[in-house]
2 protein chains.
Amino acid sequence: MKLDKTDIAILRALQEDGRQSNLALAEKVHLSPSPCLRRVRQLEEAGVIRGYTAILDEKAYGLPLTLFVRISLERHSSEAVEGFEEAIAGLEEVVECHLLTGSADYLLRVVVADLDDYQRFMREEIHQITGVSSIETSFSLKRVKEARVYRKP
Amino acid sequence: MKLDKTDIAILRALQEDGRQSNLALAEKVHLSPSPCLRRVRQLEEAGVIRGYTAILDEKAYGLPLTLFVRISLERHSSEAVEGFEEAIAGLEEVVECHLLTGSADYLLRVVVADLDDYQRFMREEIHQITGVSSIETSFSLKRVKEARVYRKP
DNA sequence: TGAAATTTGGCATAACCTGCCAATCATGAA
DNA sequence: TTCATGATTGGCAGGTTATGCCAAATTTCA
């Protein structure tokens, strides 16, 4: 799908505020409501917009600790990789997981309630996964930056 | 702010779909529309809901490459730290930046269009920041998992 | 148990969404 | 340049949804 200037403006406005009314959005992108809504629907159907979500304050929600866990596997056979990825997919503490180039195989982003919860997560979940050769955990002390609008492509 | 069971249900439903109508939301959490909307507004005003955003397909949007950059500083004086953090804040390629415990000081998540864009970003932006002692870049080969709903707290 | 405070549901009005159609604009060929 | 074709837009009408208010129900705490 080809994106023109108006599409980019719509996408950026909806990243800024995903719940704004179509009227407000239309005004921002200099369209009248009906073509604006039609474009949004097209962007949704084409999969450019994958969905909408509420952004929570993790602290207020009760999961104030964010950790990043770098994990390497002993072997990289399909079975080992698939087994690991399935195990990760089942862990609700793991918010995000990337397969990486470089010194570690995977980077996980994990949210937990407190240090006890962290310890439990490590002992009961991560350490139970077979084929893991190394684990390195870093706590996020501070979210220095969080942009929710991507730059123009 | 104290969150009861219904608040949690609302927050989880809005993470699932931040644009659903108040009517649909009310039904899901077993409330009638008016108290449901009132709770949502309260959660917004209390800052538990920090906002709403559209989730884009980075590939379709034209920024298909995600990289994680681990950076350490030479010194950790307030000036060095503030200088670095301000520099990062100004880079629109940097979507996220965390101050970390462990072997690296910062973890950056960066989105770029292609390898040329990556090279330009490194040369023109990152390498221009003073006080950086080490940089380690990893490309995301695959997003193995992405949960947009936090587990219950 | 009983009173106060909080929360809920229903209603009326206002705002918004959405599908349809004519008008406008962009595109490409002659 | 001109004209024809297709794509996109704007306005309108009807249906849906949001929102503020008030009485009723529920919870809380003494």
Side-chain angles (χ1 to χ4, degrees), chain A residues 1-63 113 148-153, chain B residues 1-63 113 148-153:
Chain A
M1 183 178 180
K2 275 191 64 178
L3 305 177
D4 66 12
K5 223 165 184 176
T6 305
D7 290 322
I8 303 296
I10 288 175
L11 293 170
R12 287 170 63 91
L14 284 177
Q15 285 179 97
E16 196 90 49
D17 178 4
R19 256 209 128 157
Q20 64 189 298
S21 73
N22 183 55
L23 253 62
L25 179 63
E27 192 159 358
K28 277 180 201 159
V29 304
H30 309 296
L31 274 184
S32 68
S34 49
C36 181
L37 184 66
R38 213 168 330 149
R39 278 173 181 262
V40 172
R41 292 285 175 265
Q42 268 175 249
L43 290 165
E44 288 168 358
E45 266 155 46
V48 184
I49 297 174
R50 289 166 53 218
Y52 301 90
T53 192
I55 301 161
L56 303 192
D57 181 320
E58 289 89 347
K59 211 167 176 176
Y61 183 69
L63 297 173
R148 57 188 190 204
V149 183
Y150 289 144
R151 70 174 234 249
K152 285 181 202 155
Chain B
M1 181 176 181
K2 276 191 62 178
L3 305 177
D4 67 12
K5 223 165 181 176
T6 305
D7 291 322
I8 303 295
I10 288 175
L11 293 170
R12 287 171 62 92
L14 284 178
Q15 284 180 97
E16 197 88 51
D17 177 5
R19 258 210 124 152
Q20 65 190 298
S21 73
N22 183 55
L23 254 62
L25 180 61
E27 191 158 359
K28 276 180 200 158
V29 304
H30 308 299
L31 274 183
S32 68
S34 48
C36 182
L37 185 65
R38 212 166 330 142
R39 279 172 180 261
V40 173
R41 293 285 175 266
Q42 268 175 248
L43 291 165
E44 289 168 358
E45 266 156 44
V48 183
I49 297 174
R50 289 167 51 219
Y52 301 90
T53 192
I55 301 162
L56 302 192
D57 182 320
E58 288 90 348
K59 210 167 175 177
Y61 184 69
L63 297 172
R148 59 187 189 205
V149 183
Y150 289 143
R151 71 173 232 249
K152 285 182 202 154

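On a predicted model such as this, the values are computed, not experimentally measured, just so you know. The sequence lines fix the lettering, A, B, ..., with proteins before strands; numbering per chain opens at 1.
Distance from the side chain of Asn22(A) is smallest for dT18(C) among the nucleotides dT17(D), dT18(C), dG10(C). Of the candidates dC17(C), dT19(D), dT8(D), the closest approach to any side-chain atom of Arg39(A) belongs to dT8(D). Each of dG11(D), dT18(C), dT17(D) was ranked by its minimum atom distance to the side chain of Leu23(B); first place goes to dT17(D).
The CG atom of Leu37(A) sits 16 Å away from the P atom of dG11(D) (whole-angstrom rounding). Distance CD (Gln20(A)) to P (dC17(C)): 10 Å, rounded to an integer number of Å. Between Gln42(A) atom CD and dA7(D) atom C1' there is a gap of 11 Å when expressed in whole angstrom units. Atom pair Lys2(A):NZ and dA26(C):P shows a separation of 15 Å (rounding to whole Å applied). Between the C1' atom of dT7(C) and the CG atom of Asp7(B) lies a distance of 12 Å, rounded to the nearest Å. Going from atom CD of Glu27(B) over to atom C1' of dT17(D) covers 14 Å, rounded to whole Å. Residue Lys5(A) contributes atom NZ, which lies 18 Å from atom P of dT8(D) at whole-angstrom precision. One atom, CG of Asp4(B), and another, C1' of dT6(C), lie 12 Å apart when rounded to the nearest Å.
Contact between Val48(B) and Met1(B) at its shortest, heavy atoms only, is CG2-SD, 3.9 Å. Minimum heavy-atom separation, Pro153(A) to Leu63(B): CA-CD2, 4.2 Å. Counting all heavy atoms, side chain and backbone alike, Arg148(A) lies closest to Thr53(B) at O-OG1, 4.0 Å.
Put simply, the side chain of Ser32(A) and the base of dG11(D) share no donor and acceptor less than 3.5 Å apart.
The side-chain heavy atoms of Leu14(B) and Arg19(A), taken from C-beta on, include a pair separated by under 4.5 Å.
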Tabulate below the donor-acceptor pairs under 3.5 Å that side-chain atoms of residues 22-30 of chain B make, not counting sequence neighbours, or state none.
residue	atom	partner	partner atom	Å
Asn22(B)	OD1	Leu37(B)	N	3.4
Asn22(B)	ND2	Pro33(B)	O	3.0
Lys28(B)	NZ	Gln20(B)	OE1	2.6

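Taking only side-chain nitrogens and oxygens, Arg41(A) never comes nearer than 4.0 Å to OP1 or OP2 of dG19(C).
Between Arg19(B) and Leu31(B), the residue anchored nearer the 5' end of DNA chain C, judged by the nucleotide with its closest heavy atom, is Leu31(B).
Among the atoms of the strands shown, only primed sugar atoms or phosphate atoms (P, OP1, OP2) are found under 4.0 Å from some heavy atom of Ser21(A).
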